[in-house]
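See below for the structure under consideration.
Remember, it's 1-based here, ligands and their atoms both numbered in the order they're listed.
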Amino acid sequence: MQCLDFQRRNGNLFAEHIAIADIAKTVGTPFYCYSATALIRRYQAFKHGLDRESALIAFAVKANSNVAVLKRLAHEGAGADIVSAGELHRALLAGIPAGKVVFSGVGKTNEEIAFALSAGIFQFNVESAEELDRINLVAADCSTSAPISLRVNPDIEAGGHSKISTGRAQDKFGIAQADIPSLAARASHMQHVDLLGLDVHIGSQITSPKPFKDAFSKLRGLADQLRRAGYPISRLDFGGGLGVGGTSRNALDIAEYCALVRAMTVDTDYHITVEPGRSIAAEAGILVSRVISTKKGAERTFLILDAGMNDLMRPALYDARHDIEPVTLASRAEEPVDIVGPVCETGDTFARQTKLQRLHAGELIAFANAGAYGAVLSNEYNSRPLIPEVLVEKGRWAIIRARPSYDEMSGRDLVPSWIGIEHEKAVVAPTLDATSLH
Ligand SMILES: *Cc1c(COP(=O)(O)O)cnc(C)c1O
């Protein structure tokens, strides 16, 4: 593990002061395990890196929305970048002040806009002319004014996976630069929106400085242009998207990323917002699983785990790679294996032909960098209950989401009475009723 807070002692993996094997004994496998110290370390790296007391570090809730995680970050002063009313609900529940919440996303419903207005959020990041009109109308209904920023689509190829690129002209996100001035004019004539800033977010898992530099300078240029035209632009939101770890040695780190933001703002009084998700949470979490068995296939050896693609979707969804290591190192021969889950899909494959010490059924294995877009993307495919989440801080640990029982999982399904009544003759409506055709 590359992370400071997941270290080995005598070959055994620890989260801070707690042995992973001990947690596994209590909660069973698979489970997610987060280090609070690692989360805070990364949050603080942004805080120090931006070096401006007023800067808002709005954690992207979609990366890890566990309320305990949000609450721990809230204690440090974090805000939230949300993309739904559900995320706003979680953020508020976690004690993040509404005044530190940024509302992003291309599909905000009127109900969600009204909820965010009544909470009193920091800003709406507006995605289109149509959305601008709608926010104005909803705010009028609520007899209030919505603080807004316009999301610029800088038309930049960010270099990450195509499925997580968001800043190209063909992507559904943001407003073309050429349309920004006319949209600003339109907003300035509206009674119920306050245009305060501009924002960008060009994608995720970006590890080189170039796309950020290009996007930031376009953002700054447009903001200055609007200011010169007389609009009171006071805020710049640089989005998220900073990548983590991986193989590239010279990948951008948080300090270097913040230096890019600083360089773009030193000579100005723009208020700064950033929306990091992955770069705060990914390395602060691991997924712990157990070997169910090994299988010698015709051509390959498979290591079959009790964690599947439903628990960690990233490899199946966008070819993400996670370093996978035994929880306890032993001096055994290494062999190339395909690491797979138990789900009935070929896509349920975490790694192909990777070298690993020979492992036996029952032994534990850990996936690195699983703290972001892990638990949040999980589902119950194959009727596998959502797996628990555990938070460690120094010598303490707690379950922060319990493993549901099978009854809890299936209890959400409702069986209508006509299916429930057995051995009774079905009552057939004598005449055809149009409503019954649907
Ligand atoms: C997803 C998202 C983020 C966070 O992205 P990371 O890659 O996790 O840092 C920030 N802002 C917006 C608008 C997003 O959609």
Side-chain angles (χ1 to χ4, degrees), residues 39 42-43 45-46 49-50 56-65 69-70 73 78-84 86-88 91 100-108 112 116 121-128 131 148-154 156 158-168 171-175 197-208 211-212 215-216 219 235-246 251-254 257-258 260-261 272-285 313-314 317-318 320 369-377:
L39 287 166
R42 284 161 184 75
Y43 172 80
F46 276 98
L50 293 175
L56 172 60
I57 299 156
F59 175 65
V61 172
K62 74 174 190 277
N64 188 320
S65 58
V69 165
L70 299 180
L73 287 169
D81 171 56
I82 59 147
V83 294
S84 71
E87 286 190 354
L88 177 55
K100 291 185 179 177
V101 172
V102 174
F103 195 169
S104 301
V106 286
K108 307 174 188 78
E112 288 178 314
I121 66 163
F122 179 71
Q123 110 190 349
F124 291 84
N125 288 355
V126 175
E127 289 272 355
S128 65
E131 189 181 80
I148 63 159
S149 163
L150 300 178
R151 177 169 176 175
V152 180
N153 181 323
I156 278 172
H161 190 282
S162 167
K163 284 189 185 163
I164 50 177
S165 279
T166 58
R168 302 166 299 185
D171 295 326
K172 69 177 175 181
F173 301 97
I175 300 156
L198 295 181
D199 60 283
V200 280
H201 172 70
I202 52 174
S204 203
Q205 187 54 1
I206 300 161
T207 51
S208 70
F212 286 122
F216 295 173
L219 184 74
R235 302 174 175 181
L236 292 181
D237 177 346
F238 295 87
L242 177 60
V244 297
L252 200 63
D253 68 16
I254 295 174
Y257 169 88
C258 289
L260 297 177
V261 174
I272 298 170
T273 298
V274 290
E275 306 166 350
R278 188 191 308 278
S279 51
I280 287 183
E283 293 168 310
M313 262 180 94
R314 302 186 63 252
L317 195 60
Y318 29 67
N369 293 357
Y373 306 104
V376 285
L377 274 168

Does Gly241 reach ligand 1 with a nitrogen or oxygen that is under 3.5 Å from one of the ligand's nitrogen or oxygen atoms? yes

Nitrogen or oxygen of Arg151 less than 3.5 angstrom from that of ligand 1: no

Could you tell me whether the side chains of Ser149 and Asp199 share a donor-acceptor contact shorter than 3.5 Å? yes

Any salt bridge linking Lys108 with Glu131? Criterion: basic side-chain nitrogen under 4.0 Å from a carboxylate oxygen. yes

For ligand 1, which atoms sit closer than 4.0 Å to a heavy atom of Ala60? 3 (C), 4 (C)

Who are the side chain to side chain donor-acceptor pair (under 3.5 Å) partners of Gln123, not counting sequence neighbours? Asn125, Arg235

Per-atom filter on ligand 1: closer than 4.0 angstrom to a heavy atom of Ser104 are 13 (C)

Quick one: does Gly277 get an N or O within less than 3.5 Å of an N or O on ligand 1? yes

Which one holds for Glu275 and ligand 1: side chain close, backbone close, both close, or neither close, with close meaning a heavy atom under 4.0 Å? both

Consider every N or O of Lys62 and every N or O of ligand 1, then say whether any pair is closer than 3.5 Å. yes

So does Asn369 get a backbone contact from the side chain of Glu283, meaning a donor-acceptor N/O pair under 3.5 Å? no

Non-neighbouring partners of Ala372 that pass side chain to side chain contact (heavy atoms under 4.5 Å, CB included), sequence neighbours left out: Ala63, Arg278, Ala281, Ala282

Check ligand 1 against Arg278 and write out every atom of the ligand that is under 4.0 Å from a heavy-atom position of the residue. 6 (P), 8 (O), 9 (O)

State yes or no: are the ring centers of Tyr43 and Phe59 separated by less than 6.0 Å? no

At a 4.0 Å cut-off, with the gap strictly under it, does some heavy atom of Tyr373 reach an atom of ligand 1? yes

Validation row: Leu242, Ile206 side chains within 4.5 angstrom (heavy atoms): no

